[in-house]
> 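Handing you this structure, nothing more for now.
In listed order, ligands and their atoms are each counted from 1.
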Amino acid sequence: MTDKSAKTAASIDPAALAMIEKLAAQGVETAFDRHVEQGTRCPFGDKGVCCRICDMGPCRISLKEKGAKRGICGATASTIAARQLIRQVAAGVAAHSDHGHDIVKTLKLAAKGDAQGYTIKGVDRLMALAKEWGVKTDQREVKEIALELADLALGQFNQQEGEIRYPAMRAPEATVKNWRRLGLIPVGVEHEIVETLHRTHEGVDADYMNLIMHGLRTSLGDGWGGAMLATDFGDILFGSPMPVRSQVNLGVLKEDHVNIVVHGHEPTLSEMVVAASRDAEMLALAKQKGAQGILVGGICCTANEILMRQGAPVVGNFLHQELALATGAVDVMLVDVQCIMPAVIEHAARFHTKVITTSKKAKIPGATHVQFDEEHAYDIAKSIVRTAVENYPNRKGQDIPPNKTDLVAGFTVQNTFWHLGGRYRSTFRPLNDGIISGRLRGVAAVIGCNNVRKVQDDSHLKMVKELLKNDVLVVMTGCAATACAKYGLLQPEAAAEYAGQGLREICEAVGLPPVLHLGSCVDNSRILVALCEMSREGGLGDKLSDLPIAGAAPEAMCEKAIAIGFYCVASGAYVNYSPAMKVLGSPELTQLLTEGLEDIVGGKFSFEEDPVKAAQLMMRHMDKKRKALKLRPLMYAKSFLDEESPEPAAAVSTAAAQISEPGKKGCGGVRP
Ligand code: NFS
Ligand code: SF4
């Protein structure tokens with residue numbers, strides 16, 4: 001963990017640095033400053049050994065030889081850290097699932113004709129999913145099919161017995177068999193979240209292993225439940241993405257346009273805002289106010305949603321939210337839920353921006369609240385666009401950094417099939433053949449957030465470059481994808497510059513970028529489905545854990561990222577997660593997560609902080625899988641099995657050593 005007292009160590013993005021500098025000159029603070037102000041984090045909290053679950057506490061477990069080794073109730077470091085961790089998993093699952101729930105509900109309203117402005121755009125996806133779910137399509141109207149499917153999907157959230165449907169519907173049989181043997185398939189998405197809260201209540205589950213197993217079970221209700229539903233039903237409602245060109249970074253904002261920045265996660269409102277921004281009445285009003293047009297750009301995963309389906313430009317990732325306002329060119333920042341810093345409101349007044357909250361679940365003191373509802377979606381979207389247009393003449397001077405980069409996004413399991421297999425052969429065969437022949441090493445998913453504890457974008461970029469150089473095809477989502485897009489990695493031309501020879505040959509043959517943008521964080525479910533397709537295609541084992549693949553969240557920030565890490569590991573993936581989860585105060589729990597789980601579910605974590613070392617660990621895992629599958633040696637790239645590469649155990653201790661730096665503030669690591 002690096003404290004960034006020097007502003008230049010905050011980000012590698014020149015646009016970000018320019019805005020940070022501008023704000024600093026005006027004495028305005030951002031997350032980068034507040035990070036420094038917080039100092040080194042309290043080591044008890046940072047290592048997961050502070051418990052405030054009951055009111056006899058808070059209790060803390062001493063990190064030194066002497067001192068309390070149990071809480072008042074007798075809970076050990078392992079119990080305390082595991083309880084806390086699976087609560088975080090449950091919160092992440094809840095966030096994705098609530099989002100998924102809202103999308104399914106919107107489809108239901110649209111099918112009934114009660115959702116203003118929404119039509120069912122992805123009829124092909126609806127038909128494909130109806131078939132998968134066993135919903136009859138013969139002689140039935142689209143609306144009728146959608147209604148039945150939406151009701152079935154809604155039932156997945158509060159189901160009280162049996163199993164949620166996607167795991168057995170989509171995963172390879174051997175993986176499903178192992179999940180069933182372990183009792184890991186969720187009964188219902190919400191059921192497991194409720195059970196997590198119960199188990200982690202004072203005086204219930206004290207067995208760290210039992211707690212973690214439940215964390216894995218709960219997380220499957222995200223990846224194979226709520227998030228997968230969010231993606232599939234989003235594709236039904238808004239249409240499946242297709243490869244699309246767009247641009248990224250603060251430079252996409254336009255001086256002579258009304259700029260609306262949508263920030264948050266759910267596509268339901270942002271899709272309508274994009275539509276309303278093209279409304280002739282709004283465009284005429286904009287002209288009247290002296291603007292050339294209306295631009296809608298996104299931040300965080302809302303950006304990815306409208307990028308994937310509308311080609312809307314991306315203003316930035318998580319740590320850009322305050323910086324975008326500093327351009328002085330944002331007329332409205334429209335937020336819904338998740339990853340929204342309350343601090344945006346502090347910048348709003350200073351830079352004329354109106355911050356509009358739209359969800360009853362997420363209000364910010366000082367913001368204007370316009371309650372969104374699906375029944376009046378278009379009218380509400382239009383009223384928000386009108387507010388932005390009317391605010392355009394109030395700009396107090398603007399300063400938009402010139403930086404913007406071209407990108408290609410919009411990949412899905414369905415259209416990637418198409419790309420890899422060519423026009424007449426929709427199949428993953430060429431991808432599998434590339435791996436089997438040793439031209440490609442494997443596939444890595446690099447996902448997740450920005451985190452001020454790391455230099456913005458730096459770990460994403462270093463990790464992805466290392467993977468590409470060594471013939472690993474990279475798929476990305478969320479703020480990670482935005483990070484790499486800023487530096488040009490999401491263009492077909494990037495293959496020539498960054499990819500190893502094997503990967504380059506494949507990219508050039510099919511015209512794909514070496515990094516495929518699969519969408520928002522709920523779209524990590526697309527990655528799970530892609531892995532199922534690879535497995536089904538044959539030649540790469542019979543379980544997901546047999547595949548030469550790995551995942552990483554090298555700048556992870558929130559509980560959603562923890563939930564994603566958990567369901568990837570539960571699905572059999574090796575996952576590098578950094579900064580380390582808050583478990584290092586319990587060596588047993590750390591050992592379970594970074595080693596023990598592999599024998600149980602086939603996947604495990606590493607907490608390596610160095611992105612290049614982490615990439616090498618991921619590739620070593622792929623090489624181990626390649627060896628087990630008896631695949632041919634790599635054609636061009638070197639193997640990491642033979643090399644002296646960092647041990648996972650050492651990786652944990654690097655992270656542990658960094659986290660136990662003596663504190664500067666608060667309790668400072670010293671027990672009172
Ligand atoms: Ni994912 Fe996407 Fe970004 Fe992290 Fe937040 S926006 S849902 S959580 S910060 S990647
Ligand atoms: Fe302390 Fe146990 Fe209460 Fe936690 S649950 S605060 S360890 S007494």
Side-chain angles (χ1 to χ4, degrees), residues 31 44 48-62 68-84 87-88 91-100 199-206 222 226-227 230-231 262-267 270 298-308 314-321 335-341 445-452 454 456-457 460 476-485 517-525 552-565 577 585-586:
F44 297 107
V49 290
C50 166
C51 180
R52 36 165 299 219
I53 274 176
C54 89
D55 292 338
M56 295 194 285
C59 298
R60 301 185 303 182
I61 304 303
S62 173
K69 292 294 168 206
R70 288 174 188 296
I72 294 163
C73 65
T76 61
S78 312
T79 307
I80 290 171
R83 282 180 179 168
Q84 183 54 35
R87 281 195 167 202
Q88 290 188 287
V93 176
H96 285 149
S97 298
D98 206 25
H99 167 169
R199 279 175 185 246
T200 57
H201 183 274
E202 168 280 323
V204 188
D205 202 349
D222 180 355
T231 297
V262 291
H263 172 23
H265 283 78
E266 295 182 349
S270 50
I299 288 200
C300 281
C301 276
T302 289
N304 293 319
E305 297 282 359
I306 57 173
L307 164 70
M308 291 283 282
V314 178
V315 177
N317 46 4
F318 178 67
L319 284 174
H320 265 39
Q321 56 188 294
V335 305
D336 53 22
V337 289
Q338 302 169 20
C339 302
I340 301 147
M341 293 189 190
V446 181
I447 64 144
C449 324
N450 284 148
N451 184 329
V452 285
K454 298 262 190 131
Q456 186 193 17
D457 301 343
H460 289 303
M476 301 192 82
T477 57
C479 292
T482 306
C484 286
H517 191 333
L518 294 191
S520 66
C521 292
V522 290
D523 291 334
N524 285 321
S525 63
E555 299 180 27
M557 177 275 298
C558 69
E559 291 167 321
K560 288 179 287 175
I562 295 182
I564 296 166
Y577 192 97
S586 162

> May I ask you to list the protein N, O or S atoms found at less than 2.8 Å from atom 2 (Fe) of ligand 2?
C73 SG
> Can K560 and H99 be counted as having a side-chain donor-acceptor contact under 3.5 angstrom?
no
> How about T482 and N304: do any of their side-chain heavy atoms sit closer than 4.5 Å?
yes
> Would you call H96 and C521 a side-chain contact if the rule is heavy atoms closer than 4.5 Å?
yes
> Are a donor atom and an acceptor atom from the side chains of T231 and S525 found within less than 3.5 Å of each other?
yes
> State, without any angle test, whether E555 and N451 hold a side-chain donor-acceptor pair at a distance under 3.5 Å.
no
> Using a distance-only test with no angle check, is there a side-chain donor-acceptor pair under 3.5 angstrom linking T477 and D523?
no
> Can you tell if the side chain of H460 reaches within under 4.5 Å of the side chain of C479, non-hydrogen atoms only?
no
> Might you list the protein residues in contact with ligand 1, defined as having a heavy atom under 4.0 Å from one of its atoms, sorted by chain and number?
H265, C300, C301, F318, C339, G448, C449, C479, C521, M557, C558, K560
> Is any side-chain heavy atom of H263 closer than 4.5 Å to a side-chain heavy atom of V315?
no
> Can you check whether E305 reaches H265 side chain to side chain, under 4.5 Å on heavy atoms?
no
